[in-house]
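This report refers to the structure that appears directly beneath it.
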Protein chains: 2
Amino acid sequence: MEGHTVVAEVTLRDVARAAGCSVATVSRVLAGTRPVGAETARAVRAAADRLGYRPNEVARALRSRSTGTVGLVLPQITNPFFPSLVRELEHALHAEGRAVLLADCDDDPATEATRIAALLDRRVDALLLIPVDERRSRDAVAAAAARVPLVLLDRGCGPGVADSVAVDNAAGMALVLEHLAATGRRRPCFVGAAGTASAAVERRVAYAAGAAALDPAAPQRTVLGDFSVEWGRAAVDRIWSARPDAVVCANDLIAAGALQRLRQLGADVPGEVAVTGFDDVPLAGLADPALTTVRQPVAELAAEAARLLAHRPAAAPIPGPRRPVRTVRLAPELVVRGSSAPADGGSDPRTTP
Amino acid sequence: MEGHTVVAEVTLRDVARAAGCSVATVSRVLAGTRPVGAETARAVRAAADRLGYRPNEVARALRSRSTGTVGLVLPQITNPFFPSLVRELEHALHAEGRAVLLADCDDDPATEATRIAALLDRRVDALLLIPVDERRSRDAVAAAAARVPLVLLDRGCGPGVADSVAVDNAAGMALVLEHLAATGRRRPCFVGAAGTASAAVERRVAYAAGAAALDPAAPQRTVLGDFSVEWGRAAVDRIWSARPDAVVCANDLIAAGALQRLRQLGADVPGEVAVTGFDDVPLAGLADPALTTVRQPVAELAAEAARLLAHRPAAAPIPGPRRPVRTVRLAPELVVRGSSAPADGGSDPRTTP
DNA sequence: ATGAAAGCGCTAACAC
DNA sequence: GTGTTAGCGCTTTCAT
């Protein structure tokens, strides 16, 4: 084993020389751009194989003005909802021969702006972006969207800024509330997240709208913090005195925290109080009791995002008329688990009065 | 808002023209390669600012033979131990102005080989790699290490293949066993992972070595599966009949599954049996009871990996003598939580007989 | 169907 | 200290 060594990279010239033709011909054979004589093509491929030729993607990128890379910008890879999304995106893109430049923003809009700039400097062909904040990310996102195709994922960034694909948060929250109503819960409360992130806003608005049907006072039983386990724990102390029979949480982390604290307080979940989450992160199935939650269709989200990128025409020669942004909303799925089993222990809603 | 548009990128030439000097001078000012007259420098910077010039990193890369990107190749981003590592690596690298090309291998050596090749084609300056498998990843890793600086992370890949940095698994397992012994446990069993991944091997070897001191029969109470929650659940059914007073797991996922199944079986954790994990993933603190585990020093791992990359000289002109590989082992830390509290409920080892 | 030649935007000799 | 020039490795006219 020796140290890595530039063994004089094999270039197109080397292949051309070995195959006895010009570099242009080799390029055409390998890229399949234009017809080439069968005999020549064979010789070229043989030479390329024999020499172990690998095209220099950097040179190719410079010349063809396309790097074959897309930037993936996200708030915090440690948010347990993102890894599976990243995985699906990476696979979808790699399947198209594109590589992924990853940027983690540390949940900070300023860092986000820096990362976006760095990716643009590297001439990514496109950007997949989960904005840190609906409002504070807007300028940087809009500027980037003016330069490359850009698709917003999971969270929005104000109207008309860019194409976006996300789960239908309102529909998800409605599923939760319907389920709770059907299993006899009548005093829900909501533990949400403050701020302008679209998931936070949409989920709390949907709760307020849907819960009112269950109980006119339900919308008022709302406390707001952030999307964390710690907040879930703290929130329980704020709302438990109201004796809700269901704690509807804005995501699974909050729900996990709430569950933990309720257990500490000796509350009976789900007998006395149901707890629900949102996202269906891996942790949700592991909680005790396992968490009823709303599953985001992660693979579809990724596929749809990749599709939007592919269909966004490369660039207009002239600024041109404003192109309408496309917004895709995917249907979520309710995953019923132990944390919301009817109080009587049965699982059929009809057995509950 | 209009569609993204190539507004005729500003190039070095544009800046040179605006500043009234040559492209070389502009390059020198911006790169700081060589001294430039104060007056000229000012003019250049002003022009660059005014035009909103951003260097084309692709062109720069082609010319300077350095892309400023490093490839990060990992088995499965959805493994909950990796996101925090990815985060630290991304930050460490970005701080040096390098971008991260991410590749997820789907836990498959063949995919891994493909991804490595794709990254090399893109001329990454270096590779950070968590191999899928100690043995089956070896060829691809060795080949890659011959072309660019490469640092193995978290898992090894056979001796002498490449520089590596990982936690000291043996030391971590020893900490666990000492702790169990000190808190009065005498019949440990081990739920590990089969296969040749170095973490799997080192942890099970360390258990066998350390547990024998506790109980000569302990090493035999070992069952092997994979690093998953499902295996943790299944393993309990295989070992519970032996009535161990401690279930030592090879990672936190296994431990979470074991904990869940023990609870289902009505076992008292930690009263009747202690459970321990390894890695300290976010989930560990959330389990009930919270999981005693071995924390990997993630930030240090990342920093050390970045340091090794930086110090690996770029390339030798001639294959040269075999360069010794460097292996860094970082000390782990035991995190004691509820799942291993002494049977009497106290937390001081001395209160236990 | 093939080759010659012109760059993509930048850096790095090499002159002055 | 600054300009001129020659490419990095490739794709793509434009000839033939």
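All values derive from a computational prediction rather than experimental measurement. Chain A is the first sequence line, chain B the second, and so forth, proteins listed ahead of strands; every chain is numbered from 1.
- Using a cut-off of 4.0 Å between Lys/Arg side-chain N and Asp/Glu carboxylate O, E9(B) and R123(A) are scored as salt-bridged.
- Residue-to-nucleotide contacts include a donor-acceptor pair under 3.5 Å from the side chain of R28(B) to the base of dG3(D).
- R65(A) contributes no side-chain N or O that forms a donor-acceptor pair with the base of dG9(C) under 3.5 Å.
- Applying the 3.5 Å distance criterion, the base of dG9(D) shares no donor-acceptor pair with the side chain of R13(A).
- At least one side-chain nitrogen or oxygen of S27(A) sits closer than 4.0 Å to the OP1 or OP2 atom of dT11(D).
- Between R17(A) atom CZ and dT2(C) atom P the separation is 20 Å, expressed in whole Å.
- Mapped onto DNA chain D by nearest heavy atom, A24(B) and R54(A) fall at different nucleotides, with A24(B) at the one closer to the 5' end.
- Look at E90(B) and R115(A) and you find a salt bridge, because one of the NZ, NE, NH1 or NH2 atoms lies within 4.0 Å of a carboxylate O, short of that distance.
- At the heavy-atom level, T25(A) lies under 4.0 Å from the strands shown only through sugar-phosphate atoms.
- For dT11(C), one of the phosphate oxygens OP1 or OP2 lies less than 4.0 angstrom from a side-chain nitrogen or oxygen of R60(B).
- Using a 4.0 Å cut-off, some side-chain N or O of S22(A) falls inside it from OP1 or OP2 of dG3(C).
- With a 4.5 Å cut-off on side-chain heavy atoms, L129(A) and L153(A) do not count as touching.
- Residue S64(B) places none of its side-chain N or O atoms closer than 4.0 Å to OP1 or OP2 of dC10(C).
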